[in-house]
2 protein chains.
Amino acid sequence: MVKQHELSQHMISEQAASDTSCGCPHGGLKGLLDKSLARIGLSKSEQKKVDREEELVDLAVSILNEEGFAGLSLEKLTAQSRYSKGTIYNHFSSKEDCLSALCIRAVSSILTLFKRALQFEGSSREKAVAVHYSYQLYARLQPTLFMAVLSSKAPGVREKTSTERTQLMDALELEINTFSDQMFRDAIDDGSLVLSEHLSIETLSFSNWAMSFGTNALATSATEAKAVNRLDPNTLLLQNISILMDGMNWQPLSKDWDYRKTWQRVEKEIFADDIQLIE
Amino acid sequence: MVKQHELSQHMISEQAASDTSCGCPHGGLKGLLDKSLARIGLSKSEQKKVDREEELVDLAVSILNEEGFAGLSLEKLTAQSRYSKGTIYNHFSSKEDCLSALCIRAVSSILTLFKRALQFEGSSREKAVAVHYSYQLYARLQPTLFMAVLSSKAPGVREKTSTERTQLMDALELEINTFSDQMFRDAIDDGSLVLSEHLSIETLSFSNWAMSFGTNALATSATEAKAVNRLDPNTLLLQNISILMDGMNWQPLSKDWDYRKTWQRVEKEIFADDIQLIE
DNA sequence: ACCTGAACACCGTTCAAGT
DNA sequence: ACCTGAACACCGTTCAAGT
């Protein structure tokens, strides 16, 4: 169980770190990402610091996975690393800053998975289903990190995060939003979705995200007594987003198309290597 | 701002505490609630302990509201209370146990608001809209507590919570689920909702909850750069659940009925006193 | 310029002593 | 039986001294 998390953590994080040539059309994030992730055009000492930071975030993620949220402390991070407290505080201005670094790692990984999902061959609604699949996949592979992203939005955390990291986080969120909006723009362009007068792209995009987030968050934090346990966890998200997309009148409707087959195709054709880590 | 939170906290908590004669038909919760909340049939010393616990939870809530999540410590709770550390630990077996006590308070308040919302005069879909309204109201009045409920589901918190409180929490959740299911049963009974072959009451009930929770959680933790800020916060939730309920084909559909008027009626007719605390 | 670890304040938790 | 607060371990954060 823990071993699986470690595996998946490394797999996903390596993808994210090596994905600086993301090929996204927006590019607004590039500058910021280069500053903290890229491996070229840096002096020796800068390079050393970047490497060490990645090493420290890796270590922090493994502590988070093994000991849970409350178990993560800069004290432990120091003890398990090769460095001293002063050096740790040279990288993270506070415990909350360290948490934000983990969340940036998480959101980067999610964005990478989203882009992979978009490569699924199918209608625009099927592509959106694939993106939801990838979001659920991340929530299952990295439940603690998935939940951490939300808690990093709390005012107390944000206040104690360095401005550089806050900016990077905001830029990543903007890129996710832009990505999500684009899915709906594509659907409108290919004619499968028609905007009604009261509903903007932004509204649809947000409702789509809220449903996926809410479902994954509740499923992740499900306890024995919870409502989620009455339901099949493997079709939960698909059912929820299907109802929602039907409500948007996004063609083809679920009565006219078997999206369970789409879901299975996404699993096999895009995320076959990753799904093994869960079951 | 802070003052408003204090006000609302007291208002809501008093309602919850005095609502032991809730008149709900399930009743399975009664025994558990009586054990920790009721004010009759207890010896002097038991009564004293119950009173003190309420006092301590009140105090903990006010610390949470004033200093945020990270600012809540049993050290501070001790210092601000009239008791010593030993007595505090007599009530809460750990810091996490104290957090769980806060969440039980929160969920009780939410349930009370739900029951109030259900008194709205209208169709079954309108009543459901009223319940969503009350959920959003709570998220706005008590943002920190609203988010705390989720984090109390983390394994690390649950493990360190006393078994009595875990049982009480589970019982409350079950009552909320039963309440939610009942809304859908009512809709089926009055003919405004028809179950299709793939969708059970449990599925609809959960998707409804996931959307409301997801929307409120994202709105609560919205930052400047967030997608939420592009949208009107006052119609966000209504729009999201309208799309979802349309997808369920819950009559009357939003194209045939102006639910913004329903929303405003709920505000005026049910929660007029509470809404002032926000704006 | 960067790193180290001692030092201090704060917090969670326990338990012997007191009532 | 219940309450108190000293005691200890752990953690966040700083900074003078060292390289």
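Because the structure is predicted, anything quoted here is derived from the model rather than measured. In what follows, chains are A, B, ... by sequence order, proteins preceding strands, each numbered from 1.
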J.: Students often get this wrong, so: under 4.0 angstrom with heavy atoms, is B:K160 touching a base, only sugar-phosphate, or nothing?
T.: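 Since only primed, P, OP1 and OP2 atoms lie under 4.0 Å of B:K160, the category is sugar-phosphate.
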
J.: Tell me, with the steps shown, if A:V131 and A:F179 meet side chain to side chain contact (heavy atoms under 4.5 Å, CB included).
T.: CA-CA 10 Å; A:V131 171; A:F179 181 96; 4.0 Å; yes

J.: Which is more 5' along DNA chain D, the nucleotide nearest A:G86 or the one nearest A:L74? Just name the residue.
T.: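 It is A:L74 whose nearest nucleotide is closer to the 5' end.
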
J.: Give a yes/no answer on whether the side chain of B:N90 brings an N or O atom under 4.0 Å of OP1 or OP2 in D:dC3.
T.: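 It does, given that an N or O in the side chain of B:N90 lies less than 4.0 Å from OP1 or OP2 of D:dC3.
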
J.: Take the protein atom CD of A:E75 and the nucleotide atom C1' of C:dC10, then report the distance between them rounded to whole Å.
T.: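 Taking CD of A:E75 and C1' of C:dC10, I get 13 Å after rounding.
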
J.: Does B:R52 have a side-chain nitrogen or oxygen under 4.0 Å from the phosphate oxygens OP1 or OP2 of D:dC3?
T.: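 Yes, because at least one side-chain N or O of B:R52 sits under 4.0 Å from OP1 or OP2 of D:dC3.
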
J.: Just checking B:S73: base, sugar-phosphate only, or nothing, at a heavy-atom cut-off of under 4.0 Å?
T.: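 Sugar-phosphate, backbone atoms only, no base.
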
J.: Is the distance from OP1 or OP2 of C:dC2 to the nearest side-chain N or O of A:T87 less than 4.0 Å?
T.: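 No, because none of the side-chain N or O atoms of A:T87 sits under 4.0 Å from OP1 or OP2 of C:dC2.
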
J.: If you assign A:G71 and A:S93 each to the DNA chain D nucleotide with the nearest heavy atom, which residue ends up on the more 5' nucleotide?
T.: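 Closest to the 5' end, via its nearest nucleotide, is A:G71.
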
J.: Do we get A:R230 above B:F206's six-membered ring, with its NZ or CZ under 6.0 Å from the centre and within 45° of the axis?
T.: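 Verdict for B:F206: no cation-pi partner in A:R230.
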
J.: Hunt down the Watson-Crick or G-U wobble partner of D:dA1, both distances under 3.5 Å, from any strand shown, or write none.
T.: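 Partner of D:dA1: C:dT19.
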
J.: Is the shortest distance from a Lys or Arg side-chain nitrogen in B:R165 or B:E96 to a carboxylate oxygen in the other one below 4.0 Å?
T.: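 Salt bridge flag = no for B:E96 with B:R165.
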
J.: Whole Å only: how far is the NE2 atom of B:H91 from the P atom of D:dT4?
T.: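 Roughly 10 Å, once rounded to whole Å.
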
J.: Tell me: CD1 of A:I88 to P of C:dG5, nearest whole Å?
T.: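 Result: 12 Å.
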
J.: Measure from CG on B:L56 to C1' on D:dC3 and round the result to the nearest Å.
T.: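 Distance, rounded to whole Å: 14 Å.
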
J.: How many Å lie between OH on A:Y89 and P on C:dC8, as a whole number?
T.: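 The answer, rounded to whole Å, is 17 Å.
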
J.: Checking base pairs now: Watson-Crick or wobble, both atom distances under 3.5 Å. What partners D:dA7?
T.: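 Partner of D:dA7: C:dT13.
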
J.: Tell me the interatomic distance from A:D97, atom CG, to D:dG12, atom P, rounded to whole angstroms.
T.: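 Those two atoms, CG and P, are 13 Å apart.
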
J.: Return yes if a side-chain donor-acceptor contact under 3.5 Å exists between A:E173 and A:N177, otherwise no.
T.: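 Distance-only check fails for A:E173 and A:N177.
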
J.: Can you tell if the side chain of A:I104 reaches within under 4.5 Å of the side chain of A:V57, non-hydrogen atoms only?
T.: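 In short, these two side chains do not touch, never coming nearer than 4.5 Å.
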
J.: What integer distance in Å separates A:Y83:OH from C:dT4:P?
T.: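 To the nearest whole Å, that distance equals 9 Å.
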
J.: To the nearest angstrom, how far is B:K95 atom NZ from C:dC11 atom P?
T.: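 The distance from NZ of B:K95 to P of C:dC11 comes to 9 Å, rounded to the nearest Å.
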
J.: Is a donor-acceptor contact shorter than 3.5 angstrom present between the side chain of B:K85 and the base of C:dT13?
T.: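 Looking at the base of C:dT13, it does pair with a donor or acceptor on the side chain of B:K85 (distance under 3.5 Å).
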
